[in-house]
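Note that this is a predicted model, so its numbers are computed, not measured.
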Amino acid sequence: QVQLVESGGGLVQAGGSLRLSCVASGRAFGSRTMGWFRQAPGKEREFVAVISGTGINTVYADSVKGRFTISRDNAKNAVYLQMNSLKPEDTAVYYCAARADWGISPNQYPYWGQGTQVTVSS
């Protein structure tokens, strides 16, 4: 069983930055693919970024490429999402998720955090 707890959300002006953190409990964190997803009101949950267990491989949604950076610290059982140049359309609840193998579809992730709200004002 894996438990995930996100933190770091908040209210920020457009152009600002936030850093989200997700700490995992449970075994084999270093072997798990970790993803960040987001869900805005009235919209489906969407992929944001994913990182492999070793941290070598990353993939980003086109909408955040060049602005967001995913990273992980396996010694701390943590994954991070550095968000720069934030836009109002980035407003959403952000979730971290874990799975045993590689993938970006939210339907393939069995473990989810509770989410953290990010609000970007214009």
Side-chain angles (χ1 to χ4, degrees):
Q1 191 72 11
V2 177
Q3 292 185 325
L4 305 171
V5 179
E6 303 99 333
S7 62
L11 173 64
V12 63
Q13 288 188 332
S17 298
L18 282 174
R19 188 192 193 210
L20 305 183
S21 299
C22 173
V23 177
S25 63
R27 301 169 65 181
F29 175 79
S31 66
R32 298 186 184 275
T33 293
M34 298 298 296
W36 283 98
F37 299 82
R38 66 187 182 186
Q39 188 167 17
K43 295 188 177 181
E44 294 186 352
R45 192 169 297 188
E46 66 174 2
F47 164 74
V48 175
V50 63
I51 187 167
S52 62
T54 61
I56 293 175
N57 297 311
T58 58
V59 175
Y60 296 90
D62 288 343
S63 58
V64 307
K65 202 171 294 183
R67 300 188 298 122
F68 291 10
T69 302
I70 189 171
S71 62
R72 67 190 295 161
D73 184 342
N74 287 344
K76 296 182 178 180
N77 277 18
V79 62
Y80 308 99
L81 186 68
Q82 178 66 45
M83 306 186 295
N84 299 329
S85 302
L86 282 161
K87 305 175 180 179
E89 51 264 43
D90 293 318
T91 295
V93 177
Y94 283 71
Y95 300 89
C96 71
R99 59 177 292 173
D101 52 357
W102 184 255
I104 67 171
S105 171
N107 295 332
Q108 297 168 329
Y109 282 74
Y111 303 110
W112 291 84
Q114 82 288 349
T116 185
Q117 176 70 47
V118 171
T119 303
V120 184
S121 63
S122 57

Walk me through whether Arg72 and Thr54 qualify under side chain to side chain contact (heavy atoms under 4.5 Å, CB included). CA-CA 9 Å; Arg72 67 190 295 161; Thr54 61; over 6 Å; no

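Put simply, Val79 and Phe47 are part of two different groups of oily side chains (I, L, V, M, F, W, Y) that touch within less than 4.5 Å, one to the next. A chain of hydrophobic side-chain contacts below 4.5 Å, direct or via other Ile, Leu, Val, Met, Phe, Trp or Tyr residues, connects Trp36 to Met34. If you chain together hydrophobic residues whose side chains sit under 4.5 Å apart, Ile70 and Tyr80 never meet in one group. No continuous path of hydrophobic side-chain contacts links Val23 to Val118 [ILVMFWY only; heavy atoms under 4.5 Å]. Using a 4.5 Å cut-off between side-chain heavy atoms of Ile, Leu, Val, Met, Phe, Trp and Tyr, with links allowed through other members, Phe68 and Tyr95 fall into different hydrophobic clusters.
Remark: Gln3 CD is loosely packed, at most 12 non-hydrogen atoms of other residues, nucleotides or ligands lying under 6.0 Å away.
How far SG of Cys96 is from CD1 of Ile51: 12.5 Å, rounded to the nearest 0.5 Å.
The heavy-atom pair separating Ala24 from Leu4 by the smallest distance is CB-CD2, 3.5 Å. Considering all non-hydrogen atoms of both residues, Val59 and Trp102 come closest at CG2-CZ2, 3.6 Å. Contact record, Thr33 with Val50: CG2-CG2, 3.2 Å, taken as the closest heavy-atom pair. The shortest heavy-atom contact between Pro88 and Ser122 is CG-CB, 3.8 Å.
By the salt bridge (charged side-chain N to carboxylate O under 4.0 Å, His left out) test, Arg99 pairs with Asp101, sequence neighbours left out. In this structure Tyr109 satisfies the ring pair (Phe, Tyr, Trp, His ring centres under 6.0 Å) test together with Phe37, sequence neighbours excluded.
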Identify all side-chain donor-acceptor contacts of residues 9-21 below 3.5 Å with residues at least two apart in sequence or on another chain.
from  : atom 1 : to    : atom 2 : distance (Å)
Ser17 : OG     : Asn84 : OD1    : 2.9

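Using modelled atom types, one side-chain atom of Glu6 and one backbone atom of Gln114 make a donor-acceptor pair closer than 3.5 Å. A distance-only check finds no donor-acceptor pair linking the side chain of Gln39 to the backbone of Ala92 [under 3.5 Å]. No donor-acceptor pair under 3.5 Å is formed between the side chain of Thr116 and the backbone N or O of Ser7.
Within the structure, the salt bridge (Lys or Arg N to Asp or Glu O under 4.0 Å) test picks out the following pairs touching residues 89-98 (sequence neighbours left out): Arg38-Asp90, Arg67-Asp90. The list of salt bridge (Lys or Arg N to Asp or Glu O under 4.0 Å) pairs with a residue in residues 53-63, not counting sequence neighbours, reads Asp62-Lys65. Contacts classified as salt bridge (Lys or Arg N to Asp or Glu O under 4.0 Å) and involving residues 50-61 (residues at least two apart or in different chains) are not found.
The only option from Asp73, Asn74, Val2 that meets the side-chain contact (heavy atoms from CB on, under 4.5 Å) definition with Phe29 turns out to be Asn74.
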